[in-house]
Amino acid sequence: MNSQNRSLQASGVSKSFTSGDVTTAVLNRVDFAASASALTLICGPSGSGKSTLLAILSGLLQPDAGDVHSLGTELSSVSGAQRVDHRREHTGFIFQGFNLFPALTALEQVLLPLHYLGMRGGRAEDHARAMLSQVGLDHRLHFRPAQLSGGEQQRVAIARALAKRPKLLFADEPTSALDSHSGAAVITLLHGVAKQHGTTVVCVSHDPRLIDHADHVYRMEDGQVSPRCPDPGQTQ
Ligand code: ADP
Ligand code: MG
C-alpha cells in the first residue's frame, strides 16, 4: 500500500480495560493502515479486540497510547468536540448490535444523520428512500426495529451509515445477522461503495466468507494486527 494514499493510519495503538483488580491488555502497540477506494478487512476470533480497535480507529474511543491519523487529522491531538465533528462529517459506522432507535421507522433512522448534516425536506427523504432501496428494503420503509428481522435491521444500519456518503466507513461484523446470500450481497455493496465513491471501508469480522471480497486482509491476534489471514478456516 502506497503511503501517499493512506487515509487512515494507526501507529503503536495500545488499549487495556480494568474491571475490579483485573486489567486486560486488549491492543498491544497495533500498527495498521487503510487506503481510499479499498475494502480492508481485519479478521480474528471473538474477544481478540476487533471492536475495540474499530472504535479507536473511528475516534469513538481513545487509546491509552499511540496515534491515529484520520484524513490528515491526528485524533488524539484534537479536542473531544473536534473528534465528534470529524466523525459526523466524515465517518459512517455500522455497529455490531445495529444501535437502531426502537421508536423510529427505517426511513426515520436513515433520515437522522442527514438532518444532523443539515439536509432536510423532500431531498433528504428521496435520498433516504434511495439508500434503503439500495439495501433491498423498499417494502420496509415504515417498519420499526421490532417489526424487522435481524437481517433487515442490519441492512437499515448499513443504509444509515451510507446515507451521508462518508469518506470513512467502519463496519463491525456487518454480515453477522445475515444468511450467506444476504451476507454476500452486503459485502459486495460495501466493496462497491469503496470503488464507486473512493470510500475507505474498514470492516472487522470473524466471518471467513468475507476474505475473498476484501482488497486487503489483516489478522488480529494476541493484541496485534498483522497483514493477511494465514488460515481463514481458523477465524471462528
Ligand atoms: P472482539 O470484537 O474481537 O470480539 P472486543 O474488542 O469486543 O473483541 O473485546 C476484546 C476484549 O476486551 C474482550 O476480552 C472484552 O471482554 C474486553 N472489553 C471490551 N470492551 C470492554 C470494556 N468496555 N470494559 C472491559 N472490558 C472490555
Ligand atoms: Mg466485536
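Just follow the structure's listing: the first ligand is 1, and inside any ligand the first atom is 1.
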Using a strict cut-off of 2.8 Å, how many protein N/O/S atoms surround the Mg ion (ligand 2)?
2
Could you work out the complete set of other residues in the hydrophobic cluster of Leu104, with links drawn between I, L, V, M, F, W and Y side chains under 4.5 Å apart?
Phe101, Leu112, Tyr116
Ala55 near ligand 1 by a heavy-atom separation under 4.0 Å:
no
Does a donor on one side chain and an acceptor on the other come within less than 3.5 Å for Thr18 and Thr23?
yes
In terms of atom number and element, which parts of ligand 1 are under 4.0 angstrom from non-hydrogen atoms of Pro45?
3 (O)
Under 4.0 Å from atom 15 (C) of ligand 1, do we find at least one protein heavy atom?
no
From Ser205, Ser176, Ser51, residue fulfilling side chain to side chain donor-acceptor pair (under 3.5 Å) relative to Gln96:
Ser51
Side-chain donor-acceptor contacts of residues 128-136 below 3.5 Å, not counting sequence neighbours, with atom names and distances?
residue, atom, partner, partner atom, Å
Arg129, NE, Glu125, OE2, 3.3
Arg129, NH2, Glu125, OE2, 3.1
Ser133, OG, Asp138, OD2, 2.9

Atom 19 (C) of ligand 1 - nearest protein heavy atom and its distance:
Phe17 CE1, 3.4 Å
If you measure only the distance, is there a donor-acceptor pair under 3.5 Å linking the side chains of Ser14 and Asp64?
no
Could you say whether the N/O atoms of Ser19 and ligand 1 ever approach to under 3.5 Å?
no
Closest non-hydrogen protein atom to atom 6 (O) of ligand 1, residue and atom name please, with distance?
Thr52 OG1, 2.6 Å
Taking ring-ring contact (aromatic ring centres under 6.0 Å, His included) as the cut-off, I'd like each qualifying pair that reaches into residues 9-54, sequence neighbours left out, listed once.
Phe32-Tyr218
Chi angles and distances behind the side-chain hydrogen bond (donor to acceptor under 3.5 Å, both in side chains) call for Ser11, Gln9
CA-CA 7 Å; Ser11 339; Gln9 189 151 16; 5.5 Å; no
Protein heavy atom at shortest distance from atom 4 (O) of ligand 1
Gly47 N, 2.7 Å
So, Ser70 versus His86: side-chain donor-acceptor pair below 3.5 Å or not?
yes
Closest protein heavy atom (residue, atom, distance) for atom 7 (O) of ligand 1
Ser51 CB, 3.7 Å
State whether Asp126 and Arg123 are salt-bridged, where the test is any N-O pair (Lys NZ or Arg NE/NH1/NH2 against Asp/Glu carboxylate O) under 4.0 Å.
no
Protein contact to atom 8 (O) of ligand 1 [nearest heavy atom, distance to 0.1 Å]:
Gly49 N, 3.1 Å
I'd like to check Pro145 versus Gln147 (side-chain heavy atoms, cut-off strictly below 4.5 Å). Are they in contact?
no
Contact partition for Val26 relative to ligand 1, non-hydrogen atoms under 4.0 Å:
side chain
At a 4.0 Å cut-off, with the gap strictly under it, does some heavy atom of Gly44 reach an atom of ligand 1?
no
Test your reading of the model: is there a side-chain donor-acceptor pair from His127 to the backbone of Ala163, 3.5 Å cut-off?
yes
Is there a donor in the side chain of Glu173 and an acceptor in the side chain of Thr175, or the other way round, less than 3.5 Å apart?
no
Quick check: does Ser48 get an N/O under 3.5 Å from an N/O on ligand 1?
yes
